[in-house]
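Numbers restart at 1 for each chain; the letters A, B, ... are given by sequence-line order, proteins then strands. The structure displayed is predicted, hence computed values, not measured ones.
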Amino acid sequence: MAGFSRIEKKWNALWRKTGVFEPELGRAKKPFYNLMMFPYPSAEGLHVGNMYAFVGSDIYGRFQRMRGNDVFEPIGLDGFGIHSENYALKVKRHPAKQAKISEKNFYRQLGMIGNGFAWKEKLETYDPEYYKWTQWIFVQMFKKGLAYRKKQAVNWCPDCKTVLADEQVVSGECERCESKVIKKELEQWFFRITNYAERLLKDLEKIDWSEKVKIAQRNWIGRSEGVEIEFKIQNSNLKIKVFTTRPDTLFGATYMVLSPEHELIGKLESRIKNYQEVKKYIQKARTPAEDKEKTGVELKGIKAVNPANKEEIPIWVADYVLGGVGTGAIMAVPAHDERDFEFAKKFKLPIKPVIRRADIPIRSVLMGFDNIHSEELVSLGIKEVWPADKNHKYIEIPENSLPAFEKLIREKMTPGFWNEYITHQRVIFIFKDKNGLVERLELTPGTDNKINRLSAIYNNEPEPKGSVWNWLPDVPFYKELFIHTERGILINSAKFSGMDSEEAKWEITKFVGGERKVQYRLRDWLISRQRYWGPPIPMIFCEKCNWQPVPEQDLPVKLPYLKDWRPKGTGVSPLASESKFYKVKCPKCNGEARRETDVSDTFLDSAWYFFRYLDVKNKKEIFSKALARKWLPVDMYIGGAEHAVLHLLYVRFITKVFADLGLVGFREPSKKFRAHGLLIKDGAKMSKSRGNVVSPDTYIKKFGADALRMYLMFLGPFDQGGDFRDSGILGITRFLARVQKFEKKLASTSKEGLAENSERIVHQSIKKITEDIESLRYNTAVSQLMILSNKLEELPKVPWAAWEVFLKLLAPFAPYISEELYQKFGKNKSFRKQNSVHLQSWPKYNAKKIKEDVFLLVVQVNGKVRATIQAPVGISEKDAERIALANENVKKYLLPGLRKTIFVPDKLINFVV
RNA sequence: GCCGCGGUGGCGGAACUGGUAGACGCACUAGCUUCAGGAGCUAGCGUUCGCAAGGACAUGGGAGUUCGAAUCUCCCCCGCGGCACCA
């Protein structure tokens, strides 16, 4: 039965020859752009995970084609860039040479999986005809002021020896090689994506994209509304500007923090008494901290003034405040911000609550009460609300039980102990000394330090530093009472006390002359790479004329063949050692000038490929506007969710730039995007380092592409992925083998319609499979194909009409076998394009023919199934009740007496007794 | 820590707006047929009590809403993915 390889070869050749999957781009009547993320051919070849994604996309495309659309399903290779170069490094082969090898292998594999690709429009990003336009885009960006140079502490991967964009740093590690990324001060090219932050955010509402991608983008863009407030520096004209989303907590700002990069530190050098110490700290802060433990140094000798209450507050420098965020400086409100709280606690800074919670629980952690029984507490309405241990009781006390509670602990506390109970505003300490004398102390956190003296007395220790806070057990049980980060009522805030915190935000802002600001987390796209295998950035630097773009007629700036193409790690690209490359004339003054030697980020290559697919041969312009108008935006885009804030953000950005350049009239690249799930192997992501990569080649050889396609789709829901294992593929192989036997059972004449015995299941299947494909639920669609085939198998003769429908429904999943059988069925002697099963119209179902005329009436008593009885569809409640009550088993359960009957038409009847 | 997704037989997974939990497939068991094969056909297959009819228990755990919950609500546990000191 290994005829499949012959069949697959044959149809591949015939389809290509006749151009079944080649729409006429210029003349198509119902254009449907079915796009999938093109692969980067960095590895030994396509793996079954790539195939999973491609097949899923292809099924959708084939379905749309059969629905009468002119489907364009292009393919290409994202072969430029760091991932391909890293692979070349690994196999020690020149990237250009490796690209040719990978290209051949990838196209061979892609040709086998049975996808309806438009091969004529294939493209590779390393083709000068392609990257000429990538460079052209850079030039346009520069001319529009969207590309600029700036010196900044940037992400540097020591292994890849290049800088990285923020999007390419994953949890502090390089997206490609997982090395720890460090900060390096370098001058680089950036794209001003932040100009588009608001539009990128807002337009998300308009597009039908996988929700998780939209959420990831929203979080990445990270819009936050707040206020900029200036703090004066005492005895100086200088001011510290901070950004805050919580101006309502301003009265609680007890200190300020500058980021280590903050420019003010240098300016204040002469006044900072411990400048050497500060400088040392800043040096250390360059390498990212291993843990989250807060560190910092006070700028001694200077103070800032809280504009709300004119209090002098200290200024610190600490790396928990990031240079690139907001203004790079904060006002610290330890009572209402967890990070500030931790910092204040560690460095014994005052903590002043200014917002009261709506509810005020009173809590206590009791110690030294072996003689208090739980019952005693319960009788006072006290609840133990925290997992207790042997020595502690974590309790919450109702306000009206406070006096009784206090009396209890005064009496029963072991001498030599102290206990406290707290609300968020006050801490009440009860001390009992060795002689049984009790002392009570009521303290307001952050302001009162009486406790220090007491502690010295009671513990016979020297007076400690700090405040009441340092005395409290460090448990979340207390912490959540103090650090109230949510809305509430203002306290300790002069005339604003008593006001709702949301209202107070703007009132206080006005009071101190703050300015409302919108802040984004998104930062500009760092585009330079100090590597070889990419499009050289088309810029020239002239001492006289500054940066000049390469004139458009001189594009592309070809990547020269370099013998020594390996990354240098010196902060410049290998191209910087090729004087023939960089020594150029200034395009403006014709003087001596120097070409930019960095290349651009790979993600720029892939940010616009779907435009070029439409017009791969165009030498005059990036793409034809007419074709773009006709085919774009993409109708359906399928790809991995791992690109949510990388590729999928960049394509949106570039599309918006194109719109602003007047190249296109739309602002989003695709109407619909769906993320596929990840195909894993033995519970882990497929990767070469794990050695669990499965190549489709052996499976295609053994079982055929059709079987592998169907198996992959049958594994589980397409958007969830699945675990690849060999065992299941046999089920599909059996299914396809049985399908091929059907021709022997075909009814003798093709004139008959659907016989009555197959009509219902055929229409049901059309409906189910149509809906499943539309929503990418391929696993249940395959299952329905099996059900249909099982049913048809039961028939003595299979009607021709049923067989035809079956083949069409099968076609998107198993394109080869269905074509082979369809051509046999149609008795076509020589193949012509229009006879292909893939260009036939998708079957339609008739809702009337789906309806059953009998159903199984479920009879329940108190919601438990006691019988199922066959009944005619549309049976009345009365009749249903009659036949249900006639059932012996049901009768048995109705003995207590019927109280109520619930009837769901054509479903069930439930008796309540 | 925050955000998102998920937890259903031995396994992958079905289950529409709450209405027979386990479709479809894998594995397994028995029989037939062949017997060199990961071959084919028929039947069975959540656990448990029962000769059977039938019953009890079952969708991560606990509560709740409902005539009825895998599905809705609340709390908790576990797994995966993303972000991570964003002020």
Undergrad: For the pair made of CG in A:Leu856 and P in B:rU20, what is the distance, rounded to whole Å?
TA: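 Rounded to the whole Å, the gap is 11 Å.
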Undergrad: Have a look at A:Val321 and tell me which of A:Leu258, A:Asp340, A:Ile330, A:Val242 forms a side chain to side chain contact (heavy atoms under 4.5 Å, CB included) with it.
TA: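 Result: among A:Leu258, A:Asp340, A:Ile330, A:Val242, A:Ile330 is the only option passing the side chain to side chain contact (heavy atoms under 4.5 Å, CB included) with A:Val321.
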Undergrad: Taking only the P atom of each, what is the distance from B:rG64 to B:rG55 in whole angstrom?
TA: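 Straight-line distance between the two P atoms is 26 Å.
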Undergrad: For A:Asp719, is there an ion pair with A:Arg777 - N to carboxylate O distance below 4.0 angstrom?
TA: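 No, no charged N to carboxylate O under 4.0 Å.
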Undergrad: For nucleotides 33-41 of chain B, which of its nitrogen or oxygen atoms have a protein nitrogen or oxygen under 3.5 Å away, and what is each distance?
TA:
{"residue": "B:rG38", "atom": "O6", "partner": "A:Lys702", "partner atom": "NZ", "Å": "2.8"}
{"residue": "B:rG38", "atom": "N1", "partner": "A:Lys702", "partner atom": "NZ", "Å": "3.4"}
{"residue": "B:rG40", "atom": "OP1", "partner": "A:Arg734", "partner atom": "NE", "Å": "3.3"}

Undergrad: If we call it a pair only when both distances are under 3.5 Å in a Watson-Crick or G-U wobble match, what pairs with B:rA30?
TA: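 Pair assignment: B:rA30 / B:rU42.
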Undergrad: If you apply the rule ring pair (Phe, Tyr, Trp, His ring centres under 6.0 Å), what do you find for A:Phe735 with A:Phe714, and how did you get there?
TA: CA-CA 12 Å; A:Phe735 165 76; A:Phe714 190 52; 9.0 Å; no
Undergrad: According to the Watson-Crick and G-U wobble definitions, with both distances under 3.5 Å, which nucleotide is paired to B:rC2?
TA: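 Base-paired to B:rG82.
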Undergrad: For B:rA15 and B:rA53, measure between their C1' atoms and round to the nearest Å.
TA: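 Those two atoms are separated by 29 Å.
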Undergrad: Centroid-to-centroid, A:Tyr699 to A:Tyr711, below 6.0 Å?
TA: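 Ring centroids of A:Tyr699 and A:Tyr711 are no less than 6.0 Å from each other.
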Undergrad: Using the P atoms only, state how far B:rG60 lies from B:rU71, rounded to an integer number of Å.
TA: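 Each nucleotide's P atom is 8 Å from the other's.
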Undergrad: Have A:Gln519 and A:Ser224 got a donor and an acceptor in their side chains that come within less than 3.5 Å?
TA: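 No pair is found: no donor N or O on one side chain lies under 3.5 Å from an acceptor on the other.
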Undergrad: Can you measure A:Lys212 atom NZ to B:rC83 atom C1' for me and round it to whole angstrom units?
TA: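 Spelled out: NZ on A:Lys212 to C1' on B:rC83 is 15 Å.
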Undergrad: Do the numbers put A:Arg339 on top of the ring of A:Tyr320, so that NZ or CZ is under 6.0 Å from the six-membered ring centre and no more than 45° off the axis?
TA: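 No, A:Arg339 and A:Tyr320 do not form such a contact.
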Undergrad: For B:rG10 versus B:rC16, give the span between their C1' atoms, rounded off to a whole number of Å.
TA: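 Result for the C1' pair: 29 Å, nearest Å.
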Undergrad: Consider only side-chain N and O atoms of A:Asn219 and A:Arg521, and report whether a donor and an acceptor are under 3.5 Å apart.
TA: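 Not at all, the side chains of A:Asn219 and A:Arg521 share no donor-acceptor pair under 3.5 Å.
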Undergrad: Base, sugar-phosphate or nothing for A:Ile215? Non-hydrogen atoms, less than 4.0 Å.
TA: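 Sugar-phosphate only.
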Undergrad: For A:Val858, answer base if it contacts any base atom (sugar-phosphate contacts may also be present), sugar-phosphate if it contacts only those atoms, and nothing otherwise; contact means non-hydrogen atoms under 4.0 Å.
TA: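 Touches a base.
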Undergrad: Which of parallel (below 30°), tilted (30 to 60°) and perpendicular (above 60°) describes A:Phe813 and A:Tyr778?
TA: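 The rings of A:Phe813 and A:Tyr778 stand perpendicular, inter-plane angle above 60°.
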Undergrad: Using the side-chain heavy atoms of A:Asp319, tell me which of these nucleotides is nearest: B:rA87, B:rC24, B:rC85.
TA: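 Given the options B:rA87, B:rC24, B:rC85, the side chain of A:Asp319 is closest to B:rC85.
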Undergrad: Using purine N1 to pyrimidine N3 plus N6-O4 or O6-N4 for Watson-Crick, or N1-O2 and O6-N3 for G-U wobble, each under 3.5 Å, what pairs with B:rA36?
TA: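 Partner of B:rA36: none found under 3.5 Å.
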Undergrad: Given B:rG55, is OP1 or OP2 found less than 4.0 Å from the side-chain N or O atoms of A:Tyr893?
TA: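 Answer is yes, contact under 4.0 Å.
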Undergrad: Could A:Glu502 and A:Lys505 be called an ion pair, given the rule that one side-chain N must be under 4.0 Å from one carboxylate O?
TA: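 Yes, A:Glu502 and A:Lys505 are salt-bridged.
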Undergrad: Quantified in whole Å, what is the P atom distance between nucleotide B:rC45 and nucleotide B:rC24?
TA: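 After rounding to an integer number of Å, I get 13 Å for this pair.
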Undergrad: Give one of base, sugar-phosphate or nothing for A:Leu322, where a contact means two heavy atoms less than 4.0 Å apart.
TA: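 Here A:Leu322 touches the bases of the nucleic acid.
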Undergrad: I'd like to check the salt bridge (Lys or Arg N to Asp or Glu O under 4.0 Å) partners of A:Glu515; sequence neighbours left out, ordered by chain and number.
TA: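 Not a single residue meets the salt bridge (Lys or Arg N to Asp or Glu O under 4.0 Å) criterion with A:Glu515.
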Undergrad: Taking only N and O in the side chain of A:Arg339, is any of them less than 4.0 Å away from OP1 or OP2 of B:rA84?
TA: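 It does not, given that no N or O in the side chain of A:Arg339 lies less than 4.0 Å from OP1 or OP2 of B:rA84.
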Undergrad: For the P atoms, the ones on B:rG18 and on B:rG13, what distance do you get once it is rounded to whole angstrom?
TA: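 Nearest-Å result for B:rG18 against B:rG13 at atom P: 25 Å.
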Undergrad: What residues, two or more places apart in sequence or in another chain, satisfy salt bridge (Lys or Arg N to Asp or Glu O under 4.0 Å) together with A:Lys517?
TA: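 Expected list: A:Glu228.
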Undergrad: Rounded to whole Å, please give me the gap between CG in A:Asp772 and C1' in B:rA23.
TA: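 In whole Å, B:rA23 C1' lies 12 Å from A:Asp772 CG.
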Undergrad: Should the pair A:Lys878-A:Glu881 be classified as a salt bridge under the 4.0 Å nitrogen-to-oxygen rule?
TA: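 Judged by the 4.0 Å cut-off on N to carboxylate O distance, A:Lys878 and A:Glu881 do not form a salt bridge.
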Undergrad: Summarise protein proximity over nucleotides 11-18 of chain B in one line of letters, 5' to 3': B for base, S for sugar-phosphate only, - for none, counting protein heavy atoms closer than 4.0 Å.
TA: SBSS-B--
Undergrad: Please report, rounded to the nearest Å, how far the P atom of B:rA84 is from the CZ atom of A:Arg523.
TA: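 Distance, rounded to whole Å: 9 Å.
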Undergrad: Calculate the interatomic distance between A:Ile769 atom CD1 and B:rC24 atom P; express it in whole Å.
TA: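 Roughly 14 Å, once rounded to whole Å.
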Undergrad: Round to a whole Å and report the spacing from CG of A:Leu646 to C1' of B:rG82.
TA: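 It works out to 11 Å between those atoms.
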Undergrad: With a 3.5 Å limit on both atom pairs, tell me what B:rG25 is paired to, counting Watson-Crick and G-U wobble, or say none.
TA: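 Checking every strand shown, B:rG25 finds its partner in B:rC11, with both distances under 3.5 Å.
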Undergrad: At under 4.0 Å, does any side-chain N or O of A:Asn889 touch on OP1 or OP2 of B:rG55?
TA: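 Looking at the OP1 and OP2 atoms of B:rG55, one of them is under 4.0 Å from a side-chain N or O of A:Asn889.
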Undergrad: B:rG9: syn or anti, with syn meaning chi within 90° of zero?
TA: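 Syn.
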Undergrad: Taking NE2 from A:His643 and P from B:rG82, how many angstroms apart are they, rounded to a whole number?
TA: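 Atom-to-atom, A:His643 to B:rG82, this comes out as 12 Å.
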Undergrad: Rounded off to whole Å, could you give me the OH-to-C1' distance for the A:Tyr520 and B:rA87 pair?
TA: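 Result: 17 Å.
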Undergrad: I want to confirm an ordering. Mapping A:Asn790 and A:Val169 to their closest nucleotides on RNA chain B, which one lands closer to the 5' end?
TA: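 Looking at RNA chain B, the more 5' nearest nucleotide goes with A:Asn790.
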Undergrad: In residues 239-250 of chain A, which residues come under 4.0 Å of RNA chain B by heavy atom?
TA: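 Per residue number, the list reads A:Phe243, A:Thr244, A:Thr245.
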Undergrad: Determine the interatomic distance between C1' on B:rG22 and the same-named atom on B:rG9; round to the nearest Å.
TA: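 Looking at atom C1' only, B:rG22 and B:rG9 are 7 Å apart.
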Undergrad: Ion pair present between A:Lys741 and A:Glu793, side-chain N to carboxylate O less than 4.0 angstrom?
TA: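 Judged by the 4.0 Å cut-off on N to carboxylate O distance, A:Lys741 and A:Glu793 do not form a salt bridge.
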Undergrad: Taking N or O atoms only and anything under 3.5 Å, show me the protein contacts with nucleotides 62-73 of chain B, one pair per line.
TA:
{"residue": "B:rC67", "atom": "O2", "partner": "A:Asn910", "partner atom": "ND2", "Å": "2.2"}

Undergrad: Strictly under 6.0 Å, is that where the ring centroids of A:Phe347 and A:Trp316 end up?
TA: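 Judged by ring-centre distance (under 6.0 Å), A:Phe347 and A:Trp316 do meet the cut-off.
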Undergrad: Counting only Watson-Crick or G-U wobble pairs whose two distances fall under 3.5 Å, which nucleotide matches B:rC67?
TA: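 When the pairing criteria are applied, B:rG19 turns out to be the nucleotide that pairs with B:rC67.
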Undergrad: Would you measure the distance from the P atom in B:rA84 across to the matching atom in B:rC3 and give it in whole Å?
TA: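 16 Å, rounded to whole Å.
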Undergrad: Looking only at non-hydrogen atoms, find the nearest pair between A:Ala318 and A:Thr295 and report the distance.
TA: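 The answer is CB-O, 3.2 Å.
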Undergrad: For RNA chain B, whose closest nucleotide is more 5', that of A:Arg866 or that of A:Met786?
TA: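 The residue mapped nearer the 5' terminus is A:Met786.
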Undergrad: What about A:Lys294, does its side chain sit under 3.5 Å from the base of B:rC85 through a donor-acceptor pair?
TA: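 Counting by modelled atom types and ignoring angles, a donor-acceptor contact under 3.5 Å is found here.
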Undergrad: Less than 4.0 Å between a side-chain N and a carboxylate O, is that true for A:Glu888 and A:Lys892?
TA: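 No.
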Undergrad: Which pair of heavy atoms, one from A:Ile313 and one from A:Phe231, lies closest together, and at what distance?
TA: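 Taking A:Ile313 first and A:Phe231 second, the nearest heavy atoms are CD1-CE2, 4.0 Å.
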